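Structure first, commentary second.
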There are 4 protein chains.
Amino acid sequence: MTQQQRTVAAGHASPWHGGRRRRDRALKRDAVIRAAARAFRERGYHNTSLDDIAAALGVTKPTLYYYVRNKQDLLFECFQAGLAGIGAAFDEARRSHGNGRERLRIVLRGYALAIASEFGWCMVRAEDQDLDAAMSARIRARKGEIDRQIRALIQQGTADGSIRDCDAKITAFAIAGALNWIAHWHRESEALAAADIADRFIGFFEDGLRPRR
Amino acid sequence: MTQQQRTVAAGHASPWHGGRRRRDRALKRDAVIRAAARAFRERGYHNTSLDDIAAALGVTKPTLYYYVRNKQDLLFECFQAGLAGIGAAFDEARRSHGNGRERLRIVLRGYALAIASEFGWCMVRAEDQDLDAAMSARIRARKGEIDRQIRALIQQGTADGSIRDCDAKITAFAIAGALNWIAHWHRESEALAAADIADRFIGFFEDGLRPRR
Amino acid sequence: MTQQQRTVAAGHASPWHGGRRRRDRALKRDAVIRAAARAFRERGYHNTSLDDIAAALGVTKPTLYYYVRNKQDLLFECFQAGLAGIGAAFDEARRSHGNGRERLRIVLRGYALAIASEFGWCMVRAEDQDLDAAMSARIRARKGEIDRQIRALIQQGTADGSIRDCDAKITAFAIAGALNWIAHWHRESEALAAADIADRFIGFFEDGLRPRR
Amino acid sequence: MTQQQRTVAAGHASPWHGGRRRRDRALKRDAVIRAAARAFRERGYHNTSLDDIAAALGVTKPTLYYYVRNKQDLLFECFQAGLAGIGAAFDEARRSHGNGRERLRIVLRGYALAIASEFGWCMVRAEDQDLDAAMSARIRARKGEIDRQIRALIQQGTADGSIRDCDAKITAFAIAGALNWIAHWHRESEALAAADIADRFIGFFEDGLRPRR
DNA sequence: TATGAATGAGTATTCATTCAT
DNA sequence: GATGAATGAATACTCATTCAT
């Protein structure tokens, strides 16, 4: 199997081999990060070599270093790429005029979609263990920030009566855990679209198991 | 710091250095698996070398091979050790005379406790990516079995009216995800005891976010 | 800190960034070789990357190849640059009307100044190991020539009675070694000026340790 | 050429292939360091790969790591091995009853022999540039100590009248430089034995170039 | 039982060098 | 003239695994 074929086989276009030579650095960097995200999700961070990623792009390994400092940097960038969607969801929630529960719903949908994206696995699995102190701290900070915002929405909801009186911390953990886990089982090929999954999860979060009369 | 001291410092006894020479193979094997579970949870599977585990036990690396075939075998055994608690929970649920929701509650509590145990991380993270085909298949089979049983309980509950009519598959995924995630943030040192966490999670699952009137 | 600033900070002008655009190729080539000499002396040949040298000049790596064939060529040119001073010293000695010892003194002073220059390290360290066969041979030839000429001066001195009867070869080795070593410890910032060092070394060579009565 | 033959060709016995398997760890470690010293001297530190050294011993690369932490550690050990001889010379000088010049002579002979040994190159070339901060500091400290002791002997000599009144610092630099340089040109195969070289150098140091009447 | 010793295989990273623009 | 982009080759270092003792 040639490089070309492998690239094609993977079903993902590479800016390096699209007929006319693209010169857009940002585009290529993006492709590198995307390829890494897919590889990490598929095989795991440690089971993915830079050669794997380079091969998926039809490029040689040192080329990657032209766009990214490190392997861990690659993981970090995947993490950040996924984060964008979540940030947007928080923005949207902030702009909305709904009550706490409605706002939370907006955020959770965005969160679920991000987790179901190709960057989801990296977001969820970018961990201390694989990153140096500085990056580890940055990631923990961002994750902490998200957690804090979710709790805040829950508390808003309990304040305005749209959410039952509950332990915001534990509830946020449960919700985030359920959503994070999507990264472990969802594949784009699945029958259920990401948006569908998000809505059903939210339905469950809102109504719970016990029947309402 | 000597090996001995490190072992002691970690606060975990080693059957190799407990005064009277223990000759019990099973006991030592257990210790090996426990040490592995702790190390994997702490540093991750790939960031833990067999030397690390051996050092934690005050033993040399080849000794481990006397008790276990492989590094991946070690991971598998950790997975299995955690499974025991879940199996027991299903047994208890089966013996109980409660309705579906009550039975599910029993299972979820057992599941949560298992995940919060020192083996929890391994159970949740024992993945295809790090195991050969055979083991990977065995693990997937067991995880699938648990999923199926949880869905069955949910369906029982909807049948007997104790659980709202819902998509059993998605609900099971949400619940399992929330519980699995506990392995990522819970540490024994935490203020909240595992049992407490379990009950609060179950409370959230049952009642949901929306206030009941 | 930008490239520009770094260049300035290093206190060495670059013909690429000096206001009026210098078009003089020779000048630029000179600057390249000087920058290399400084970098090699500071960090060693192998610990200096072409990127380092380019950065010191505020230029990109491929630009260097416009002025020089190779990395090893760079080293060779530094070697040659240092050699000029020594050649001049030999010329001066040849023109002088002093006896052997006086002529030798002239040469040694020139030699010492060359070694103390920014090219000294390269002259002394340009070695077989880092150069291909051809260059290695050229360098060895020049070094051999210098050695031969120094020995000749010594022999002249012994002939005219200005130098004690001694083994010219071993004496030349001792003298050259002592002078070469200057490259390892002398820095321009040092209190002792190069000329001063040269004179003191020559004093020691001429008079020896044992007191004369 | 097979591994065996290459080992033989190099003319150096390897404790790994001497018929009966030697189990003496210290012996093997010594052999590793010796092999490194020879390789570094021959090809230079950076041009020597660990594979080269391993091959010279008829062993595989990871084996080296069983005896030594690092490549730089290897260099450091070579440095230390050479140091032993110098330390002994200082001891002997201390025990001697001669005057300053006679004591200095003892030290310089020992120094010269050490430099001419297989470790000489490493001693002379173990440099900051190739070592991390800690090792670099240790080496500088030891070199500084030797320099200080040589200066002290010179001052002793000037005090007791056996050495001319001179700048101890510059004289020590000149002498050490001349001796260090031996590592660059002396090979065991040379006609002149190390002891011979030492004596001739010392003769030059003591008597100087100018004839005494 | 346990271990000292050894190794094969793998992998991130660096860097001199090239070349089309 | 200068550079952005790419790459081939090299290399230190790690680690699971084996085996004789």
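Note that these values count all heavy atoms, side chains included, but never hydrogens, waters or copies made by symmetry. Below, chains carry the letters A, B, ... as their sequence lines are ordered, and counting in each starts from 1. Everything quoted here is computed from the prediction, not taken from an experiment.
A straight line from CG of L27(D) to C1' of dG4(E) spans 16 Å, rounded to a whole angstrom. In this structure, I53(A) places its CD1 atom 11 Å from P of dT13(E), rounding to the nearest Å. Atom CG in L57(D) sits about 13 Å away from atom C1' in dA6(E), given to the nearest Å. Counting to the nearest Å, the P atom of dG8(E) and the CG atom of L50(D) are 16 Å from each other. Here dA12(E) presents its C1' atom at 15 Å from CG of N47(A), a figure rounded to the nearest Å. A straight line from CG of D51(B) to P of dT3(E) spans 12 Å, rounded to a whole angstrom. Atom CZ in R43(A) sits about 11 Å away from atom P in dT11(E), given to the nearest Å. Across the protein-nucleic acid pair, F40(D) atom CZ and dA12(F) atom P stand 9 Å apart, rounded to whole Å.
With sequence neighbours left out, E42(D) forms a salt bridge (Lys or Arg N to Asp or Glu O under 4.0 Å) with no residue at all. Residues forming a side chain to side chain contact (heavy atoms under 4.5 Å, CB included) with E118(B) (at least two apart in sequence, or on another chain): R34(B), R38(B), R41(B), E188(B). With sequence neighbours excluded, the residues forming a side-chain hydrogen bond (donor to acceptor under 3.5 Å, both in side chains) with E127(C) are R125(D), listed by chain and number. Considering only residues two or more places apart in sequence or on other chains, D132(B) meets the salt bridge (Lys or Arg N to Asp or Glu O under 4.0 Å) condition with none of them. For T48(D), the side-chain hydrogen bond (donor to acceptor under 3.5 Å, both in side chains) criterion is met by no residue, not counting sequence neighbours.
Put simply, the side chain of D24(B) gets close to the backbone of A26(B): a donor and an acceptor are under 3.5 Å apart. D128(A) places no side-chain N or O within 3.5 Å of a backbone atom of S136(A) that could act as its donor or acceptor partner.
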- Item | Dot-bracket encoding of pairs in DNA chain E, which uses [ ] for pseudoknotted crossings and | for another strand, Watson-Crick or G-U under 3.5 angstrom | .||||||||||||||||||||
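Remark: nothing in residues 129-139 of chain C comes within less than 4.0 Å of DNA chain E through any heavy atom. Applying a 4.0 Å cut-off to non-hydrogen atoms, the residues of residues 63-81 of chain D that approach DNA chain E are T63(D), Y66(D), Y67(D), listed by residue number.
Where P62(C) and T48(D) meet DNA chain F, the nucleotide closest to each residue was compared, and P62(C) sits on the side nearer the 5' end.
When all heavy atoms of A37(B) and C122(B) are compared, the pair lying nearest together is CA-SG, 3.9 Å.
For dA6(F), the OP1/OP2 oxygens have a side-chain nitrogen or oxygen of W16(A) closer than 4.0 Å. Within the structure, a side-chain polar atom (N or O) of K28(A) is placed less than 4.0 Å from OP1 or OP2 of dA6(F). Listed pair R25(D) / dG4(E) fails the phosphate criterion, with no side-chain N or O lying under 4.0 Å from OP1 or OP2.
Within the structure, every pair that satisfies the ring pair (Phe, Tyr, Trp, His ring centres under 6.0 Å) test and touches residues 25-50 of chain C, not counting sequence neighbours, is listed here: F40(C)-Y45(C), H46(C)-H46(D). Within the structure, the ring pair (Phe, Tyr, Trp, His ring centres under 6.0 Å) test picks out the following pairs touching residues 47-77 of chain C (sequence neighbours left out): W16(C)-Y67(C). Counting only residues at least two apart or in different chains, salt bridge (Lys or Arg N to Asp or Glu O under 4.0 Å) contacts with residues 70-79 of chain A comprise R29(A)-E77(A).
Remark: the K61(B) side chain and the dT17(F) base include a donor-acceptor N/O pair separated by less than 3.5 Å.
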For residues 50-59 of chain B, which side-chain donor-acceptor pairs fall under 3.5 Å, sequence neighbours excluded?
unit_1, atom_1, unit_2, atom_2, d
D51(B), OD2, K61(B), NZ, 3.3
D52(B), OD2, S49(B), N, 3.0
D52(B), OD2, S49(B), OG, 3.4

